[in-house]
Amino acid sequence: MPPRRRDMNPAVFVNAELLRSYVGSRVRALIQVVRVEGETIIGNSTDESQLVVKGIPTFPLTKFVEVIGLADSDTSIQADMWTNLGETADTYTYNQLCQIVNGEYKILFV
């Protein structure tokens, strides 16, 4: 059997509040870029809390990016995959998705 590539491992959708439950796990988050400090991006999560993303994207960042990587603390992600989402993003819906995927909502939509 071939070895599993790191980018093929599933990543759980998180916001800043949920990140603390997944330290050491592969996560996916939508970030509104606030500022760049060297190899660190400071941004706002979809629940309006601050997150730190470590790593170097291979392209100029837009206002919103989705990152996939390892949650290395309860407030930071070591990103290995970056996706530019442009100047606008539906942060409310993304935040709702995080909560649904993580079992925060008990109501099922029919």
Side-chain angles (χ1 to χ4, degrees):
M1 177 152 82
R4 292 181 72 182
R5 288 184 23 198
R6 182 175 178 173
D7 62 343
M8 293 178 66
N9 292 339
V12 64
F13 285 85
V14 297
N15 56 24
E17 180 182 358
L18 292 166
L19 183 65
R20 70 187 99 225
S21 298
Y22 293 98
V23 174
S25 299
R26 192 158 169 78
V27 296
R28 163 182 251 151
L30 172 64
I31 306 296
Q32 179 182 0
V33 177
V34 174
R35 68 182 181 278
V36 178
E37 298 177 357
E39 296 181 10
T40 302
I41 288 80
I42 310 299
N44 291 327
S45 175
T46 57
D47 59 358
E48 300 180 11
S49 296
Q50 185 171 291
L51 283 179
V52 175
V53 181
K54 302 170 189 172
I56 304 171
T58 58
F59 46 80
L61 295 175
T62 56
K63 185 174 182 179
F64 290 94
V65 294
E66 183 180 54
V67 296
I68 299 175
L70 182 68
D72 60 358
S73 81
D74 62 346
T75 59
S76 68
I77 299 169
Q78 180 65 50
D80 55 37
M81 295 180 70
W82 302 77
T83 304
N84 268 340
L85 298 178
E87 297 304 311
T88 60
D90 186 351
T91 58
Y92 176 81
T93 300
Y94 195 98
N95 196 55
Q96 298 300 305
L97 176 64
C98 291
Q99 294 173 357
I100 290 169
V101 168
N102 287 284
E104 298 290 317
Y105 283 100
K106 305 301 182 211
I107 300 171
L108 294 176
F109 298 96
V110 290

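Rounded to the nearest 0.5 angstrom, Asn44 CG and Asn15 CG are separated by 12.0 Å. Of the inter-residue distances, the one linking Leu51 atom CG with Leu30 atom CG reads 10.0 Å to the nearest 0.5 angstrom. The distance from atom CG of Leu97 to atom OG1 of Thr46, rounded to the nearest 0.5 Å, is 9.0 Å. Atom OG1 of Thr83 and atom CZ of Phe59 lie 6.5 Å apart (nearest 0.5 Å). Arg35 contributes atom CZ, which lies 14.0 Å from atom CG of Leu61 (distance to the nearest 0.5 angstrom). Note that the CG atom of Asn95 and the CD atom of Glu48 stand 8.5 Å from one another [nearest 0.5 Å].
Annotation for Ala29 and Ile77: closest pair CB-CD1, 3.9 Å, computed over non-hydrogen atoms. When all heavy atoms are compared, the tightest approach of Ser45 to Ala16 is OG-N, 2.9 Å. When all heavy atoms of Pro57 and Ile41 are compared, the pair lying nearest together is CD-CD1, 4.4 Å. Closest of all the heavy-atom pairs between Ile68 and Arg28 is CD1-NH2, 3.3 Å. Residue Val67 comes nearest to Ala79 through the heavy atom pair CB-CB, 4.0 Å, listed as atom of the first residue, atom of the second, then distance.
Applying the ring-ring contact (aromatic ring centres under 6.0 Å, His included) test to Tyr94 and every residue at least two apart in sequence or in another chain returns Phe13. For Thr62, the side chain to side chain donor-acceptor pair (under 3.5 Å) test picks out Asn84, with sequence neighbours left out. Remark: Asp72 engages Lys54 in a salt bridge (charged side-chain N to carboxylate O under 4.0 Å, His left out) (not counting sequence neighbours). Residues satisfying the side-chain contact (heavy atoms from CB on, under 4.5 Å) test with Glu39, not counting sequence neighbours, are Ile56.
Applying the ring-ring contact (aromatic ring centres under 6.0 Å, His included) test to residues at least two apart or on different chains, none of the pairs has a partner in residues 22-45.
Clustering of Ile, Leu, Val, Met, Phe, Trp and Tyr side chains at separations under 4.5 Å places Val52 together with Ile42.
Side chain of Asp47 to main chain of Glu17: a donor-acceptor pair is present (N/O by atom type, distance under 3.5 Å, no hydrogens or angles).
Shown here is Gln50, whose CD atom has more than 12 heavy atoms of other residues, nucleotides or ligands within 6.0 Å.
Within the 4.5 Å cutoff, the side chain of Gln96 has no heavy atoms near those of the Asp90 side chain.
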